[in-house]
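Okay, so here's the structure we're looking at.
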Amino acid sequence: MGYRPDPVLHALISYRFQVHGRRPGATIAYITNGPSRYGWRRSSPDAEYFAGAESAARGFGFKLEHFWMAEPGLSHSRLSDIIHTRGITGLIVGPNRDEFQTPLSLEWDKFSAVKIDNMPCESNLHRVCSDRNGAVRLAVQKARASGYSRIGFVMHETWDENCEGAWTSGIAAEQWASPHGGEISIHRVTGTHQQSAMCEISCRAFQDWMGRFKPQIIIGEADMVKQYIAFWEKKEAAKLPFIDVLLRQAQPAIAGVIHHFNRIGEIAVEMLASQMRQSLFGPVKIPTTTLVECTWNPGESMQTPKNLPPLECAI
């Protein structure tokens with residue numbers, strides 16, 4: 001019919017939306033489905049996602065309220081009715097971990113919704129997550145720029161499963177982009193490595209891999225890798241350079257890639273507010289993924305090597 005949006009009218013609608021959001025009781029639901037109601041608070045990324053979302057919601061005049069989908073006796077349909085009856089039309093679906101990947105059966109047509117991270121594996125929602133592919137590529141590039149050519153990457157076996165292969169695809173891209181820049185080997189940690197019963201087994205598996213590949217530097221997550229590095233350094237009496245690929249904040253002692261988890265939560269609310277402003281409810285036909293870039297943090301754990309040992313052939 002020849003209609004063209006009026007930017008001035010759009011600005012007025014945005015203003016009215018913000019005023020509406022400031023009304024007492026205006027709420028956005030933040031949904032989790034983990035094994036316990038607040039277990040996600042013990043995970044640094046998940047806690048920061050919520051903090052960022054809460055801050056952004058407050059800026060729009062909303063209150064962010066947590067709902068636990070695994071409440072005993074609470075079906076997805078019942079939760080949809082509770083949220084809808086309270087006049088809540090905006091949902092943030094928080095990340096869910098491990099075995100809790102049951103598809104969500106909410107009545108999506110009643111809500112505008114945005115998902116944080118990759119799990120649960122809903123395909124009909126827009127989502128926001130950290131650029132893990134870019135994170136590992138940045139780490140490899142920094143290691144190579146510092147003179148390291150044989151790089152070891154340590155990851156848990158579930159990492160790729162939880163993010164659609166982003167980690168190993170980043171490693172493959174760097175190996176392909178610079179085939180003569182040296183080798184990259186992946187050591188996958190299996191089982192529940194946090195348990196003391198598994199610690200010695202995991203450490204010895206790491207030691208065996210170190211002996212075969214002989215990496216000059218390790219890339220991984222500090223909380224997981226530090227026990228392996230300590231085990232190796234104690235035996236070899238030598239420092240092992242390290243890059244933390246999942247750094248939460250700047251630390252002078254640790255070189256690594258910072259993931260801006262707070263910003264991910266903020267962007268999720270910004271996207272949701274845009275949908276609510278346009279009264280866009282229900283599943284989307286073509287979901288989009290917004291990747292939040294990571295930044296580099298120089299640190300003492302990765303220093304420019306002075307005298308690297310000569311490269312040996314990996315067995």
Side-chain angles (χ1 to χ4, degrees), residues 10-11 13-15 17-18 20-22 26-33 40-41 43-67 88-97 104 106 108 111-138 162-164 166-167 170 245-250 256-297:
H10 181 75
I13 293 173
S14 297
Y15 169 75
F17 173 81
Q18 291 178 352
H20 170 77
R22 291 190 183 95
T27 301
I28 291 175
Y30 189 94
I31 298 174
T32 66
N33 194 33
W40 54 270
R41 288 180 174 175
S43 166
S44 177
D46 293 356
E48 291 179 44
Y49 290 146
F50 184 86
E54 188 173 44
S55 175
R58 192 181 305 115
F60 281 102
F62 286 99
K63 170 188 174 184
L64 189 68
E65 184 174 343
H66 173 247
F67 290 85
I88 299 173
T89 59
L91 309 181
I92 298 290
V93 180
N96 297 283
R97 309 296 182 192
L104 306 183
L106 296 174
W108 297 111
F111 309 109
S112 299
V114 173
K115 180 175 66 171
I116 291 179
D117 219 335
N118 301 289
M119 306 189 92
C121 300
E122 298 290 336
S123 60
N124 58 353
L125 300 178
H126 296 307
R127 67 179 178 180
V128 189
C129 53
S130 185
D131 184 7
R132 297 175 176 89
N133 181 289
V136 69
R137 296 195 68 176
L138 178 59
N162 293 345
C163 62
E164 301 173 345
W167 297 107
V245 77
L246 269 171
L247 201 58
R248 275 65 168 178
Q249 58 187 1
V257 182
I258 299 176
H259 294 249
H260 302 283
F261 298 120
N262 278 77
R263 183 58 185 145
I264 291 172
E266 293 173 354
I267 292 174
V269 170
E270 292 169 6
M271 291 173 59
L272 179 64
S274 176
Q275 291 183 48
M276 295 172 68
R277 184 164 54 240
Q278 301 174 70
S279 298
L280 299 177
F281 302 122
V284 294
K285 293 182 179 179
I286 305 177
T288 62
T289 298
T290 300
L291 297 178
V292 178
E293 292 189 8
C294 304
T295 54
W296 176 251
N297 177 71

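Hydrogens, waters and symmetry mates are skipped; everything else that's a heavy atom, side chains included, is used.
Considering every non-hydrogen atom in both Ile286 and His126, the closest pair reads O-CE1, 3.7 Å. The two residues Met276 and Gly90 make their nearest non-hydrogen contact at SD-CA, 3.8 Å. Residues Leu125 and Ala113 share a closest heavy-atom pair of CD2-CB, 3.8 Å. In terms of heavy atoms, Ile258 sits closest to Arg248 at CG2-O, 3.9 Å. When all heavy atoms of Ser130 and His259 are compared, the pair lying nearest together is OG-ND1, 2.6 Å. The shortest heavy-atom contact between Leu64 and Glu54 is CD2-N, 3.5 Å.
Checked against the 6.0 Å centroid criterion, the rings of Trp40 and Phe50 qualify as a close aromatic pair.
Across Val269, Thr289, Leu272, Ile264, a single residue satisfies side chain to side chain contact (heavy atoms under 4.5 Å, CB included) together with Val128, and that is Ile264.
Atom CG of Leu91 and atom CD of Gln275 lie 10.0 Å apart (nearest 0.5 Å). Distance check: Arg263 CZ to Glu293 CD gives 12.5 Å after rounding to the nearest 0.5 Å. The distance from atom NE2 of His66 to atom CD1 of Ile28, rounded to the nearest 0.5 Å, is 15.0 Å. Distance OH/Tyr49 to OG1/Thr32: 14.0 Å, rounded to 0.5 Å. Atom CZ in Phe281 sits 9.5 Å away from atom CZ in Phe111 (nearest 0.5 Å). Rounding to the nearest 0.5 Å places CD1 of Ile88 at 5.5 Å from CD of Glu65.
Looking only at atom types and distance, the side chain of Ser274 has a donor-acceptor partner in the side chain of Gln278 under 3.5 Å away.
For the pair Val245/Trp167, a side-chain contact is recorded, criterion being any heavy-atom separation below 4.5 Å from C-beta on. For the pair Asp46 and Pro95, the minimum side-chain heavy-atom distance is below 4.5 Å. Annotation: side chain of Ile92 is in contact with side chain of Val114 (closest heavy-atom distance under 4.5 Å).
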(message) Pair Cys129, Leu291 - check side-chain contact (heavy atoms from CB on, under 4.5 Å), show working.
(response) CA-CA 5 Å; Cys129 53; Leu291 297 178; 3.6 Å; yes
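The pair Glu164-Arg132 fails the salt-bridge criterion, with no side-chain N (NZ, NE, NH1 or NH2) lying under 4.0 Å from an Asp/Glu carboxylate O.
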